[in-house]
Number of protein chains: 2
Amino acid sequence: MGVYTDLREKLISDYATLSPQMQKAARHILDHPNDVALRSMRALARAANVPPSTVTRLMAAIGVDTWQQFRDSYQNRLLDLPASYAHRARALQNSEADIHRDAHLLQSIAQAEIANIGQAFAPEMCERMKDACEHIARARQVFVVGRGAAYPAAYQFAYAYRLFNENGVLVDGHAGAFGDQLRGIGPRDVLIAVGARPYIRDTVRAVAFARKQHCPVIAVCDSDVAPIAVDAVAKLVVSDSSPSFFQSFTTSVSVMQALVALLVARGGQKVLQRIAVAEEQLAAFDTYHEEAAPTRNSRS
Amino acid sequence: MGVYTDLREKLISDYATLSPQMQKAARHILDHPNDVALRSMRALARAANVPPSTVTRLMAAIGVDTWQQFRDSYQNRLLDLPASYAHRARALQNSEADIHRDAHLLQSIAQAEIANIGQAFAPEMCERMKDACEHIARARQVFVVGRGAAYPAAYQFAYAYRLFNENGVLVDGHAGAFGDQLRGIGPRDVLIAVGARPYIRDTVRAVAFARKQHCPVIAVCDSDVAPIAVDAVAKLVVSDSSPSFFQSFTTSVSVMQALVALLVARGGQKVLQRIAVAEEQLAAFDTYHEEAAPTRNSRS
DNA sequence: ACTTTAATGAAACATTTGTTTCGATAACTG
DNA sequence: CAGTTATCGAAACAAATGTTTCATTAAAGT
């Protein structure tokens, strides 16, 4: 069981000295250790976008004679892990509390997240998501509102959406301009409102205002009868149950992301091109960090 | 096609009707399920003292088309993907594309989310989260930085953290004050940086600056060798793989939330009281919508 | 500028893989 | 008993795997 850690550590410590292509391979291995254990070397190379020879060379570079050796150590790691996620959590529940309380809490969180995702992507919800997309695709302007803990979900959608459409508005109420941003909202627009109990007044007001202007509302919330879901054309109900003290909006983020994915899939090639343009612009603005060129002369 | 529900059950129930040699193979499979997932069919046959053809025949006998299918289900069990999801997704893949393409996409997203959560909350990562909490709990000030798509994760943490501690700073670079917000950062503070490839320059710069000031860094990122993870005291690696076009930061949000939960658990009663106070304040500011009193005649 | 070196991907290579074929053997049936 | 069937394993097969080779290219050194 020590073999695995050694190889992984070696991969990390030697990373800087590796050639660019080997870095690509090493990185994929570090990020997808299970691929090493379960898939073939060639399959891994394909996934990493690297010729098979590079992987072989990488083995030599980190002092491993053969891919089989490397793979074995990763398989052992898999075998050391308790078999099942559910089993893991259950086992922890039965163990002494003090040392494992943290671990138990984390496992509970993970379990809750998975359960929430499962509910949010149940068949009926998927149908509702598709309906929601129809409305969004037809809309003149797409407003998104989410305050407090729900803000990340709203932001996430607005950020991604703006990469391929210019008619998205994140109603974030900066500088108190909460009302301003909704000015002009009407029947041909759509408002996506994110919130869960306790509902934040601003969000409820925004929904009420939109409804009064006959603007269709898509509600991402915790109940079919949530105040922001009344008369909504699509109610995307996400469970926010969490063992932690706070309500969990992570599932809302997932749902918002799924909406974006649906829109992109619907938009086809044209949307992809727009995204490419947006990315170019970001690169031109020097937004992204250029990865360090592999230090050639810094080898040990 | 057909009975994917549980191949192991099928093996057990049909065991009596199988030919002696097939029973030998079946028995070995039942006794050594991991061999199915990790080793080759021929290797398994050797271990079971059976010619390869027997295994192939066994597959046909239990109604499985190909060894690959069989092996996949055992690999999934190892990876602990909830079976229902894997199967649902696979079933949809085989269905007519046009109507179900959206459904398939959504199922893939759900599946990916669950897999990502599973990885992020693997035992080793849980250890790292606990380490990270130690640093946060000791810190004089807690800085959080995340730009672009990673912003929701950073925001989520800052928002929740501020409910029970006043030493949290969300480095969001509003009004270009990106540098200002990091002024005074030092060895007794901690910087939590969230980001994935492509890394946004601001985030990388923030990390570099913090490191120069000898401030410990907690990196929530997509790789052990991410630029923002260099020399980090805790590297929380979250996979951002997603079938959608965009990288998925939902797992990062989950991890950030888990950090908060750990901190709250660690803080005990005192923290809970502070949260109660914070909520009272919010209520006093009229932040929350008062739910309509259940109208008497609107019984469910 | 030229030489030397390192890096890279395509192709070739020998194995190994999962599957199929086919003759041999055993078991059962009439 | 003969004849049919079911079972089995060796061999053949195409497809894949992991590795090595080699020519080409890009970078460093002189």
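Lettering follows sequence order; numbering is per chain, from 1. Nothing here was measured: the structure is a model prediction, and the numbers come from that model. Side-chain atoms are counted along with the backbone in the values below, which use heavy atoms only and exclude waters and symmetry mates.
Side-chain contact between Gln257(A) and Phe249(B): absent, with no pair of heavy atoms (C-beta onward) separated by less than 4.5 Å. Two residues are said to be in side-chain contact when any heavy atoms from C-beta on lie closer than 4.5 Å; Met59(B) and Thr56(B) fail this criterion. Looking only at side-chain heavy atoms (C-beta outward), Leu58(A) and Met22(A) come within less than 4.5 Å of each other.
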Mind listing the N/O atom pairs, protein and nucleotides 17-22 of chain C, below 3.5 Å?
unit_1	atom_1	unit_2	atom_2	d
dT17(C)	OP1	Ser40(B)	OG	3.2
dG18(C)	OP1	Met41(B)	N	2.8
dG18(C)	OP1	Trp67(B)	NE1	3.2
dG18(C)	OP2	Met41(B)	N	2.7
dG18(C)	OP2	Arg42(B)	N	2.9
dG18(C)	N7	Arg42(B)	NH1	2.4
dG18(C)	O6	Arg42(B)	NH1	2.6
dT19(C)	OP1	Thr66(B)	OG1	2.6
dT19(C)	OP1	Trp67(B)	N	3.0

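Checking the phosphate oxygens (OP1, OP2) of dC8(D), a side-chain nitrogen or oxygen of Ser19(B) falls inside 4.0 Å.
Closest approach of Ala132(B) and Ile218(B) over heavy atoms only: O-CD1, 3.6 Å.
dC8(D) atom C1' lies 14 Å from atom CG of Asn49(B), rounded to whole Å. Atom CG of Leu18(A) is separated from atom C1' of dA7(C) by 13 Å (rounded to the nearest Å). Separating the CG atom of Leu44(B) from the P atom of dT16(C) is a distance of 18 Å, rounded to the nearest angstrom. When the P atom of dG9(D) is taken as reference, atom NZ of Lys24(B) falls 7 Å away, rounded to whole Å. The separation between Phe70(A) atom CZ and dG18(D) atom P is 13 Å, rounded to whole Å.
Judged as a side-chain hydrogen bond (donor to acceptor under 3.5 Å, both in side chains), the pairs with a partner in residues 220-237 of chain B (not counting sequence neighbours) are, in order, Arg8(A)-Asp224(B), Arg27(A)-Asp222(B), Asp31(A)-Ser223(B), Arg128(B)-Asp224(B), Tyr199(B)-Asp222(B).
Qualifying ring-ring contact (aromatic ring centres under 6.0 Å, His included) partners for Phe157(A), counting only residues two or more places apart in sequence or in other chains: Tyr161(A).
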